[in-house]
Structures are given as C-alpha cells and as structure tokens.
Amino acid sequence: MKQALLEVMRMNRICRMVLVTCLGSFVLVIFYFQIMHRNPFGMGICCRKGSRSPLQELYNPTQLELSSNAVLHQMRRDQVTDICRANSVMSRKRRVLTPNDLKHLVVDEDHEMIYCYVPKVACTNWKRVMMVLTGRGKYNDPMEIPANVAHVSSNLKTLNQYSIPEINHRLKNYMKFLFVREPFERLVSAYRNKFTQKYNTSFHKRYGTKIVRRQRKNATQEAMHNGNDVKFEEFVAYLIDPHTQKEEPFNEHWQTVFSLCHPCHIHYDLIGKYETLEEDSNYVLHLAGVGDYLKFPTFAKSTRTTDEMTAEFFQNISSEHQTQLYEVYKLDYLMFNYSTPSYLKLE
C-alpha cells in the first residue's frame, strides 16, 4: 500500500513538471510572437555579430550572382582613385582631415557600416534606413519615420563623435559607402527645394537675402528683406562669386560631394548612384545581411528634378557663367563618371 502511494506521488510530481514545462514553453511562444508583431524584422536587423561583415561580403561575395555587382563597384572605385591621383599631382596642397570633416559620416555599429550622406541624393530615406538599422527594434518601417525626425542629428551617431583611434579603427574595418547624383541635376534640385518653396523661410532669410543684395541690381527693400524670390541666374552668380567661399563654405545642399565626403582621403568601398538608387541601395542592405527583412523605400515623385528640367534652368545662364560653374563641380563630374551635359555651352 505504501509503495503504491509513493508511486502515485511520483507520478503527480512528473505531471506537475510536464505541466510547468508546457506552460513555460507556451508563454515563450506568445512572448516571441508579441516581439515579432512589434518588430517584424525580429533580431535580423541588429546584432549581426558572428556572420560575415559587409566588407567581407563585398570583396569576397559568397553568391555568384553578386559578382557582377562587385565588378561594377570596383570600376567605380577605380574611377575615383584615378581622379584623386591626377588631382593630387595638379594640386600642391595636402590637406589633413579634421573632426568637422567627418560630421556627414553616419556610423552603424551593429552592421559595421559608415554612410556619408549627401543632401539631395535620397539622404532623407537613407537616414530613415540607418535609424532602422541602428535603432535595435525601436523603428520598423523607414517610411513611418517623419522626414523632420530623420534629420535630427542626435538620432544618428556620426564619425566625428569618436576618438581618433576609434575613428581610424572604423575607417579601416567598416564598409564605407555614399550615394552620388548628376551634379547639376542635384544643384537644380537644391535650388528648387530651398528657394522656390514658400515654407523654406530659414533659407530665404539666411541665403536669399544675401544673394538678392549681392546679385540683383536695383533690388527693392522688400526683396532684400524677404529673400524669397531668388532667380536661378542669381543663385549661379552667387556660387561662382569668389567672395562667397572666402566668406564661408557652401551650404551642404549645394556643396560638392568632393568636399562633403572627402573621397580622396577616405576610401569608399561602395559608391551608389541616384540613377540606380533602388538597385544599389538594396545591394548595400544585402551586404549588411538584412536584405530579407528590409528594402529601401521606393518612391515615384512627379516633382523630382530631371535632366530635361535641369536643361531648362540652364537656358538663361550665359556660357561664361556655365563654364565657371562647371569648374566648381568639375571634380564631381570626373570622379563619379558623369558626362559633361550636352545642354552646356562651355567656353
């Protein structure tokens, strides 16, 4: 009788253990699906430690179909190297980068990448993507992040915030990339956005008033005060005026890529182009190991600045001013292999 009672008690303990184990497993499953519901990217977006780095995947692709991409980006790197070498021979100046030169380089620690953002080259969407990549589950969909939030500097860490040894380590071991655009198309896009939109009053006050005062003969007091009706011809005259850059550097929206990202001092592993934005962007995300979870946002803006639109803006620019302006952006044209626009009348 006693032995039978002990057997019953033992069976009860076993049943309780099985029940607790089942309940625990059930709770874990529920918890997992709650996390996945909140963050459909799961753990794939962050913390890729242990897998191949983007740098390894770029230079030694594991998938054969990616080899053609690797060849393309090698050609783009070679083009930059050749122009930098030629430019260093022509120039006697040897410049050392300062922390201020690195403020456009956004760092993603989890995926070991550095992105140099260039305004008017899809940088808002790329900042959104970088916030998803570095947010550790805080953000899910890039397009759910408002544009003004994407441009808050504290939301992303830049390379100038690190110590010199930390900077050198990241420049050596992280995959560095940037995106470029046909220089004059980017310039016209910046002009249209900053000087023809009524809501950009800060640019009108900061730059528009100065441009009107310097470049417009017989300007009215109202125009000099508001600066909200800058003509493209006046904007070009301001850019080629020798006093402009002596006074202060160009604003980032019309500064050259050469001066923003320093491609002759920093070896960029991947150079994406606005003209192949979706393809190049998703290639970067694939190299980061998140291509199955995250795609670069697609957009179809009817207001986007095109080559045809750019040509129209240049119709009223004199050949002298066209030539001077081309000299300002010449390195960007050569370095990133953009042809001289056919609509230009260069002297």
Please say whether more than 12 non-hydrogen atoms of neighbouring residues, nucleotides or ligands are located less than 6.0 Å from [atom1] in [X].
X    : atom1 : value
M224 : CE    : yes
H225 : NE2   : no
E222 : CD    : no
Q221 : CD    : no

Nearest heavy-atom pair of [X] and [Y]: which atoms, and what distance?
X    : Y    : result
L105 : C116 : CD1-SG, 3.9 Å
I271 : F336 : CG2-CD2, 4.1 Å
K345 : S319 : O-CB, 2.9 Å
S189 : R181 : OG-NH1, 3.6 Å
N173 : L55  : O-CD2, 3.5 Å
Y338 : P183 : CD1-CD, 3.9 Å

[Y] and [X] side chains, donor-acceptor separation under 3.5 Å:
X    : Y    : answer
R76  : Q79  : no
R52  : T62  : no
Y343 : Q322 : no
Q161 : T158 : yes
Q197 : N193 : no
T98  : D101 : yes

Any donor-acceptor pair under 3.5 Å from [X] side chain to [Y] backbone:
X    : Y    : result
D307 : E185 : no
N155 : V149 : yes
R128 : I145 : yes
R186 : T256 : no
D332 : V257 : yes
S281 : E278 : no
N200 : F195 : no
D108 : M113 : no
N228 : K198 : no
Q255 : L260 : no

Distance from [X] atom [atom1] to [Y] atom [atom2], nearest 0.5 Å?
X    : Y    : atom1 : atom2 : answer
F313 : L187 : CZ    : CG    : 10.5 Å
I211 : F203 : CD1   : CZ    : 10.5 Å
C264 : M335 : SG    : CE    : 3.5 Å
L156 : M131 : CG    : CE    : 6.0 Å
L178 : K273 : CG    : NZ    : 11.0 Å
D82  : N87  : CG    : CG    : 12.5 Å

Item to complete: Determine, stepwise, if the pair K210 / D241 fulfils salt bridge (charged side-chain N to carboxylate O under 4.0 Å, His left out).
Response: CA-CA 12 Å; K210 185 185 298 184; D241 185 342; over 6 Å; no
Worksheet entry | Test side chain to side chain contact (heavy atoms under 4.5 Å, CB included) applied to Y207 and V230, step by step | CA-CA 9 Å; Y207 296 99; V230 173; over 6 Å; no
Practice prompt. Carefully, step by step, assess C123 and Y115 under the rule side chain to side chain contact (heavy atoms under 4.5 Å, CB included).
Written response: CA-CA 10 Å; C123 83; Y115 160 60; 3.6 Å; yes
Does the pair [X]/[Y] count as a salt bridge with the N-to-O cut at 4.0 Å?
X    : Y    : result
D229 : R216 : yes
E166 : K157 : no
E109 : R170 : yes

Do [X] and [Y] come within less than 4.5 Å of each other through their side chains, counting heavy atoms only?
X    : Y    : value
Y174 : D269 : no
K205 : N226 : yes
P142 : F296 : no

With hydrophobic residues grouped by side-chain heavy-atom distances under 4.5 Å, do [X] and [Y] end up in a single group?
X    : Y    : answer
L346 : V328 : yes
L270 : L72  : no
Y59  : V284 : yes
V107 : V152 : no

Discussion item. Tell me whether K120 forms a cation-pi arrangement with Y274, defined as NZ or CZ under 6.0 Å from the six-membered ring centre and within 45 degrees of its axis.
Written reply: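 The answer is no, since K120 fails at least one limit relative to Y274.
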Worksheet item: Does the ring of Y117 carry K127 above it, NZ/CZ under 6.0 angstrom from centre and within 45° of its axis?
Response: yes
Discussion item. Quick check: Y162 with H169 (ring centres under 6.0 Å apart)?
Written reply: no
Discussion item. Are W254 and Y191, when compared by the centres of their aromatic rings, separated by less than 6.0 Å?
Written reply: no
Fill in: Test ring pair (Phe, Tyr, Trp, His ring centres under 6.0 Å) applied to F232 and Y238, F184, F314, the passing residue
F314
Worksheet item: After noting the C-alpha distance and the side-chain angles of L97 and I266, does the key distance pass the side chain to side chain contact (heavy atoms under 4.5 Å, CB included) rule?
Response: CA-CA 9 Å; L97 294 183; I266 297 171; 3.9 Å; yes
Practice prompt. Apply the test side chain to side chain contact (heavy atoms under 4.5 Å, CB included) to residues L133 and L285: give CA-CA distance (whole Å), side-chain angles for both, the deciding distance (0.1 Å), then the verdict.
Written response: CA-CA 10 Å; L133 290 173; L285 296 176; 4.3 Å; yes
